[in-house]
Amino acid sequence: MTLLEELELRGFIHQCTDSDKLDSTLKEELITFYIGFDCTAKSLHVGSLMQIMMMRIFQKYGHTPIVLIGEGTTKIGDPSGKDQSRKMLSSEDIKLNSKNLTKVFDIYLDNTLKNKPIYSNNADWLENINYINFLRDYGKHFTINKMLSFDSVKLRLDREQSLSFVEFNYMILQAYDYLELHNRHNCKLQIGGSDQWGNIVNGIDLIRRDSSKEVYGLTTPLLTNAKNEKMGKTVDGAVWLNEDMLTPYDYWQFWRNVDDRDVFRFLKLFTDIDIAEINDLEDKKDLDINSIKVLLANAATEMLHGKDNAILSEKTANDVFKNEGSSKNLPSINVKFDKNIDIYLNEQIVGVGFTSSKSEARKLIKNSGVKINRVLVSDELKTLSINDFDNNKELLVSVGKKKHFIIKLLD
RNA sequence: GGAGGGGUGCCCGAGUGGUUAAAGGGGACGGGCUGUAAACCCGUUAGCUAUGCUUACAUUGGUUCGAAUCCAAUCCCCUCCA
């Protein structure tokens, strides 16, 4: 199986500039390729995981990935796929984000190989550009006519939304990134999400015009779930990859709870499990979809957070769901009785962070959402008493079916 | 520089002097059904020492018994013209 065949089978490929030529190039030589990541957040989330997995597979086949950190372009802001321009981030924030989000590559990519990843930052060249020289040398290769025809621009104009000149320049700078990486590292392939197609093609054109070299572009499909929603970002928090942004258990739960229809697709995209093995599973007559979700959750969690965390997460999940919260691995909070002060249950729920206000916790209790020691609480102003605690001086509080915590009694 | 439109809760969006903590939708959360899935049904969705109080419709000030709603100034966004 060739690299491109494997990618195709696993569902990584959306568009490719010249797949036949790219295929033969990949067979003949080990190339250098790049994927760009912007620095708009403190961590990458599952939305970027497809790109990261791509790098991993390319590396497995011997090619060298360049992780391009877009500190420079983040200062401009990519208009692709966005209705509105977003607010500009400060240079300090961008630096900080850049530092935090690159941690994850050490986990997914192998630093010990000969083809270990190259880390590059486009601020290194973009920040020193001389405007006049840049316009003379590269500006001449771009026509406004063509730039206006790109989706990212057209969409904004069609909807009569403003597109600032700064954002309009984004595509030129990204094209220049590709040229720069081509010159520095003989980079021959750029990979990106499907919304990056226009930007990638621009870079390829620029390289052809500047140095008459043929380079390639490849895009991944937009990662959506079965409901056709963009994955990885929710209102109250994305599925972050950095451990300090999302715990391994929550990460495990994310994969455990994917839609039935997504399971095999995700297994192919986000695990190292052999493609033939996955197909066998899929063909099984009496398949147990839930055990396969566990397999997915374990494989994905192990890759990011390590085997121990994956095992622990599965065990915690078993305790939480099969035994209604008998785990030692639950969050806990300590409490001490004082004759004069009542300990309200709703305050404890806020204390572990399950709700953000006492009112919210009270409403939860009122709506039959809270149990202590598996018994429904009906009094929204419930105060704790010694009798609520068991012999180990512990009290199990369940918020909904999935969230539990332990209150420990201190002497 | 000129003309016009607009800024409402997590998001979209209705409301143009009083029963407005603000319709409707989305999202999120809880309950029911279930498989920790999907679909569907019900409820909740500003805070608090809670039949009350406080804060909230860009900001500040004003008119009024009473303002998201009227007036003024300021800030921001958008469209068109030059």
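Each chain gets a letter, A, B and so on, in the order its sequence line appears, and its residues count up from 1.
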Q. With distance as the sole test, does A:Lys268 use its side chain to make a donor-acceptor pair with the main-chain N or O of A:Leu9 at under 3.5 Å?
A. no

Q. By a strict heavy-atom criterion of less than 4.0 Å, which residues belonging to residues 296-309 of chain A are in contact with RNA chain B?
A. none

(Q) Holding to side-chain hydrogen bond (donor to acceptor under 3.5 Å, both in side chains), I want the full list of residues that pass it with A:Lys393, two or more places apart in sequence or in another chain. (A) A:Asp411

Q: Check side-chain hydrogen bond (donor to acceptor under 3.5 Å, both in side chains) between A:Lys382 and all other residues, then give those that pass, not counting sequence neighbours.
A: A:Asp388

Q: Using a 4.0 Å heavy-atom cut-off, write out nucleotides 31-37 of chain B from 5' to 3' as B (base contacted by protein), S (sugar-phosphate only) or - (no contact).
A: SS-BBBB

Q.
Once you measure the plane-to-plane angle for A:Trp255 and A:Phe270, does it fall in the parallel (<30°), tilted (30-60°) or perpendicular (>60°) bin?
A. tilted

Q. Looking at side-chain heavy atoms only, is the closest gap between A:Ile172 and A:Asn202 below 4.5 Å?
A. no

**Q.** For A:Arg362, all residues meeting salt bridge (Lys or Arg N to Asp or Glu O under 4.0 Å), sequence neighbours excluded
**A.** A:Glu380

Q: Please name all residues satisfying side-chain hydrogen bond (donor to acceptor under 3.5 Å, both in side chains) with A:Asp110, sequence neighbours left out, ordered by chain then number.
A: A:Thr112

Q: Provide, to the nearest angstrom, the distance between the NZ atom belonging to A:Lys403 and the P atom belonging to B:A28.
A: 13 Å

For nucleotides 50-56 of chain B, which of its nitrogen or oxygen atoms have a protein nitrogen or oxygen under 3.5 Å away, and what is each distance?
residue, atom, partner, partner atom, Å
B:A50, N7, A:Arg362, NH1, 3.4
B:A50, N6, A:Ser359, OG, 3.4
B:A50, N6, A:Arg362, NH1, 3.2

Q. Salt bridge between A:Lys315 and A:Asp319, side-chain N to carboxylate O under 4.0 Å?
A. yes

Show me the side-chain donor-acceptor pairs of residues 48-55 of chain A shorter than 3.5 Å, one per line, residues at least two apart or across chains.
residue, atom, partner, partner atom, Å
A:Gln51, OE1, A:Thr220, OG1, 2.7

Q. Starting at CG of A:Leu364 and ending at P of B:U45, how long is that distance when rounded to a whole Å?
A. 11 Å

Q | Those residues that, when tested against A:Asn298, pass side-chain contact (heavy atoms from CB on, under 4.5 Å) (two or more places apart) | A | A:Trp252, A:Val294, A:Ala310, A:Glu314

Q: Tell me, please, which residues at least two apart from A:Glu6 pass salt bridge (Lys or Arg N to Asp or Glu O under 4.0 Å).
A: A:Arg10, A:Lys60

Q. Expressed as a whole number of Å, how far does the C1' atom of B:U69 sit from that of B:U20?
A. 11 Å

Q: Tell me, please, which residues at least two apart from A:Lys27 pass side-chain hydrogen bond (donor to acceptor under 3.5 Å, both in side chains).
A: A:Asp23

Q | Pair A:Tyr178, A:Gln174: side-chain N/O donor-acceptor within cut-off below 3.5 Å | A | no

Q: Rounded off to whole Å, could you give me the CG-to-C1' distance for the A:Asn346 and B:U44 pair?
A: 16 Å

Q) Rounded to the nearest Å, what distance is computed from the NZ atom of residue A:Lys366 to the P atom of nucleotide B:U44? A) 9 Å

Q | Nucleotide-level pairing of RNA chain B, given in dot-bracket where Watson-Crick and G-U pairs need both distances under 3.5 Å and | marks other strands | A | ((((((((.[[[..)..(.....]]]((((((.......))))))(((...)))...[[[[[..)....]]]]]))))))).

